Amino acid sequence: MCIILIIYFVCRLLPVCKDGISLKYLSRSSCYLLHYYGVSCTGNLSNGNDERNREIDVEGLFRACTKSEDVKCLHALLAVSGKAKSSFVATRLINMYSYFGNVSLSQDTFDQVRDKDSYIWNSMISAYVRNRQSNKAVKCVSEMLSRTDVRPDFHNFPTVLKACSALPDGASLHCRILKSGFEWDVFVAASLVHMYCRFGFADRAYTIFKNMPSRDTGCWNSMISGYFQNGNAKEALSILDDMILEGVKMDSMTVATILSVCAQVNDLLRGMLIHLFVIKHGLEFHVFVSNALISMYAKLGELKCVPNIFDHMYVRDIVSWNSVIAAYEQNNHPYVAIKLFHRMHLNKVQPDLLTLVSLSSCVAQMKDPLCVKSVHGFITRKCWITEDIVIGNGVIDMYAKLGITDSARKVFERISRKDVISWNTMITGYAQNGLAADAVEVYHMMKEHEDLKPNQGTWVAILPAYAHLGALRDGMKIHGQVLKENLELDVFVSTCLIDLYGKCGRLSEAISLFYQVSRETSVPWNAIISCHGLHGLGDTSLKYFEEMLNEGVKPDQVTFLSLLNACSHSGLVDQGKWCFQVMQQEYEIIPTLKHYGCMVDMFGRAGLLETAYNFIESMPIRPDASVWGALLGACRIHGNVEMGRKASSHLFELDSQDAGHYVLLSNLYANFGRWEGVNEVRSLARDRGLWKTPGWSSIELNSRVEVFYSGNQSHPQYGEILKELGMLNAKIKSLGYIPDTSFVLQDVEADEKENILANHSERLAIVFGILNTPPKTCIRIYKNLRVCGDCHNVTKLISKLTEREIIVRDSNRFHHFNCSCGDYW
DNA sequence: CTAGGGTTAG
């Protein structure tokens with residue numbers, strides 16, 4: 001196609017002589033180009049065109065370009081006749097380059113033009129915006145505004161406004177533009193509506209919208225998407241109703257927006273009706289409409305229709321591939337997603353950042369360290385530019401999803417102008433990888449930047465970290481902020497708060513919050529079920545599940561995970577089995593490794609080690625380390641050395657890097673005094689360069705979290721704590737306490753064992769609490785490992801002696817001491 | 001010759 005056009009172009013436009021093209025008019029590069037395309041430079045070419053016709057031909061050629069290379073070719077040929085530097089031609093070139101994603105060529109073209117008119121400025125700004133280089137777009141806008149030879153007109157406004165609303169500091173520019181009063185123009189008004197929505201002033205946008213003398217479909221779309229992007233999905237839908245009432249027909253843009261609204265408000269029925277509308281009006285031929293359909297179905301967990309839509313698509317763009325890959329990734333089918341990724345590769349579609357974000361999440365789900373490495377390598381080779389904030393944030397997220405928080409942090413540090421999302425992503429990255437303390441550290445760093453305003457995403461990022469650390473006070477401070485910002489009804493924020501209160505032992509607060517929020521989606525239900533389970537209240541969790549079904553809320557895989565966990569903690573084996581069955585048969589949810597792990601844990605805790613083993617053997621997917629780890633943990637509880645050996649042999653084969661597994665097996669041997677086994681495991685762990693995770697306990701006092709390690713003498717109050725601990729020890733011994741040294745897993749003398757026990761970190765933390773709080777104050781301790789049996793006994797006695805309520809949360813569950821009220825506050 | 005409103009994610 002291109003070759004023919006070039007020949008045509010050469011025939012019509014270049015100066016010709018009777019024997020063919022006169023080479024003296026061609027530059028070296030265009031000779032080369034012609035040669036490259038196999039165009040003979042001799043031959044019979046027609047002549048005789050006037051100026052106007054030539055330009056019409058250029059137009060045709062522009063339209064025929066299908067890739068950046070075509071434009072380059074055209075550009076080179078235009079350069080020959082010296083036309084490329086005219087503002088008119090350059091504008092077209094800038095647009096073409098930017099359509100094909102090659103902004104740097106747009107910029108080169110732009111820079112070479114001396115007399116720039118408002119058209120060319122406009123095109124350059126659009127080129128940046130189109131390719132998401134918001135920083136450069138805004139820079140370009142301010143440069144234009146600083147010049148005297150060009151003034152923005154009402155054609156410029158939509159572009160300029162769009163550029164401004166892409167960046168928070170674009171806000172200062174929009175005032176300048178507003179002064180000129182072109183609000184009546186449909187395009188300008190629609191852009192204003194859009195911009196106001198971007199800055200969070202949906203009401204102001206609505207005022208403009210309402211006062212418009214006439215509205216085209218674009219304006220309606222602008223208002224609908226504006227409300228939607230502000231999180232007001234309900235208003236968006238009511239605008240749609242108004243639009244239909246006024247007899248304005250939905251177009252492809254409306255449909256695409258509404259589909260994502262449906263996904264957000266969980267309205268599958270409306271989504272399907274829109275799908276029918278799409279079919280009836282043939283709108284599925286717009287790529288983005290089909291894309292929107294795919295993501296709508298994916299978000300609502302209806303994967304059945306997805307392959308149908310995808311396979312019947314006429315054209316597929318990068319978004320189509322990304323959407324379909326994300327659809328499977330988000331619904332826990334990482335292997336299907338990877339297969340699609342391969343198919344995409346075969347179709348020669350280049351993956352972009354978002355593809356890799358999904359891919360990272362898939363790889364993280366599959367827990368395959370080799371895949372993690374290859375994706376990491378891929379990302380590194382791509383060297384995604386860090387100048388654009390969205391790309392930088394995506395890379396941080398990607399590394400966090402892969403569990404490589406160090407790399408995430410490096411990218412984070414390299415971004416010079418971090419926005420709120422950069423910070424939120426970094427905090428979430430740490431929190432989701434269990435590094436709550438790092439998450440808190442980053443949050444404190446964020447607070448030092450006064451120009452940054454934490455938003456809903458920040459709260460959703462930091463609250464789980466506080467919940468993990470048991471930092472109730474800090475969490476409550478965030479609750480205060482949330483109330484100030486009227487965000488307490490936001491489902492995500494309030495779910496995090498429910499989780500926080502639940503995890504910090506304040507069940508009544510969690511419940512009252514739960515009944516305040518909208519319970520239309522499974523999200524808050526999952527939180528309330530999970531936190532009751534954590535407290536060993538499995539029956540209550542099941543009651544909430546029943547209530548959830550009565551209210552017509554569809555449970556998802558997280559719901560069942562929380563339920564199975566709850567059953568496991570409360571020893572409700574039959575109910576757990578029932579849940580596992582219902583999940584598959586009624587809700588067609590395919591159990592993930594996590595579900596299997598819960599089941600094994602449940603059987604194991606109940607002492608049904610054989611059942612657990614057989615259950616693993618019957619699994620349709622390959623059990624991973626967490627499944628075998630659950631069995632090993634159960635063997636430790638029930639003292640079954642043989643089964644423990646069996647489990648650990650599978651375990652070390654699958655994942656030889658987790659120190660915790662070695663500790664478990666060595667503990668199991670130690671319990672039976674089989675020190676040779678202990679030594680064997682320990683030297684194995686040492687050979688593989690693994691160390692036992694140090695145990696720590698933390699306590700929150702006066703808004704500070706104090707962390708104690710086993711026998712750590714660096715604490716300023718260490719002497720005082722030791723003295724008090726000695727006194728308490730003597731007292732509880734007189735009450736009949738005999739240290740249970742079977743929990744000491746080193747092969748040392750008996751009195752040394754007692755000494756080790758007495759130095760367990762939670763005891764230091766508890767005594768610290770007793771010393772530093774008024775009498776009768778409840779003491780809450782958080783511990784990263786499990787509470788050992790001896791500590792359990794001692795804590796019970798200390799609680800009695802000091803008349804203190806003591807709550808210890810370990811890596812597994814809550815331990816309540818002296819709960820005379822029998823309630824959980 | 002230009003422009004607004006759309007789909008993936010954070």
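Note that the coordinates shown come from a computational prediction; the quantities given were computed from them, not determined experimentally. Throughout, a chain's letter reflects where its sequence line sits, starting with A, and its residues are numbered from 1.
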Of all the choices, [options], which nucleotide is nearest to the side chain of [X] once you look at every atom?
| X | options | result |
| --- | --- | --- |
| Lys299(A) | dA9(B), dG5(B), dA3(B) | dA9(B) |
| Val186(A) | dG4(B), dG5(B), dT7(B) | dG4(B) |
| Phe88(A) | dG4(B), dC1(B), dA9(B) | dC1(B) |
| Asn122(A) | dT2(B), dT7(B), dG5(B) | dT2(B) |
| Ser123(A) | dG4(B), dT2(B), dG5(B) | dT2(B) |
| Asn291(A) | dT7(B), dT8(B), dG5(B) | dT7(B) |
| Ser225(A) | dA3(B), dG5(B), dA9(B) | dG5(B) |
| Ala256(A) | dA9(B), dG4(B), dT7(B) | dT7(B) |
| Thr91(A) | dC1(B), dA9(B), dG4(B) | dC1(B) |

When the distance from [atom1] of [X] to [atom2] of [N] is rounded to whole Å, what number comes out?
| X | N | atom1 | atom2 | answer |
| --- | --- | --- | --- | --- |
| Met398(A) | dT8(B) | CE | C1' | 14 Å |
| Phe310(A) | dT8(B) | CZ | P | 16 Å |
| Lys401(A) | dT8(B) | NZ | C1' | 12 Å |
| Lys162(A) | dT2(B) | NZ | C1' | 13 Å |
| Leu354(A) | dT8(B) | CG | P | 10 Å |
| Arg92(A) | dT2(B) | CZ | P | 6 Å |
| Ile309(A) | dT7(B) | CD1 | P | 17 Å |
| Met253(A) | dG4(B) | CE | P | 10 Å |

Phosphate contact ([N] OP1 or OP2) by [X] side-chain N/O below 4.0 Å:
| X | N | result |
| --- | --- | --- |
| Arg198(A) | dG4(B) | no |
| His155(A) | dT2(B) | no |
| Gln330(A) | dT8(B) | no |

Task: Residues Asp267(A), Lys234(A): salt bridge by 4.0 Å N-O rule - done: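 Looking at Asp267(A) and Lys234(A), the cut-off is not met.
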
Open item on the list: Using side-chain heavy atoms (C-beta onward) and a distance below 4.5 Å, is Ser126(A) in contact with Ser98(A)?
Closed with: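 Counting from C-beta outward, Ser126(A) and Ser98(A) never come under 4.5 Å.
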
Open item on the list: Looking only at the side chains, is there a donor atom on one of Thr425(A) and Asp397(A) sitting less than 3.5 Å from an acceptor on the other?
Closed with: no

Task: Between Asn393(A) and Asn424(A): side-chain donor-acceptor atoms closer than 3.5 Å - done: no

Scan [X] against the nucleic acid and name what it touches under 4.0 Å (heavy atoms): base, sugar-phosphate only, or nothing.
| X | answer |
| --- | --- |
| Asp251(A) | base |
| Gln229(A) | sugar-phosphate |
| Arg130(A) | sugar-phosphate |
| Asp216(A) | base |
| Val357(A) | nothing |

- [ ] Please step through side-chain contact (heavy atoms from CB on, under 4.5 Å) for the pair Thr91(A) and Ser87(A), ending with a clear verdict.
- [x] CA-CA 6 Å; Thr91(A) 305; Ser87(A) 195; 4.3 Å; yes

Open item on the list: Is it the case that atom CG in Asp115(A) sees more than 12 heavy atoms from other parts of the structure closer than 6.0 Å?
Closed with: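 Incorrect, the count does not exceed 12.
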
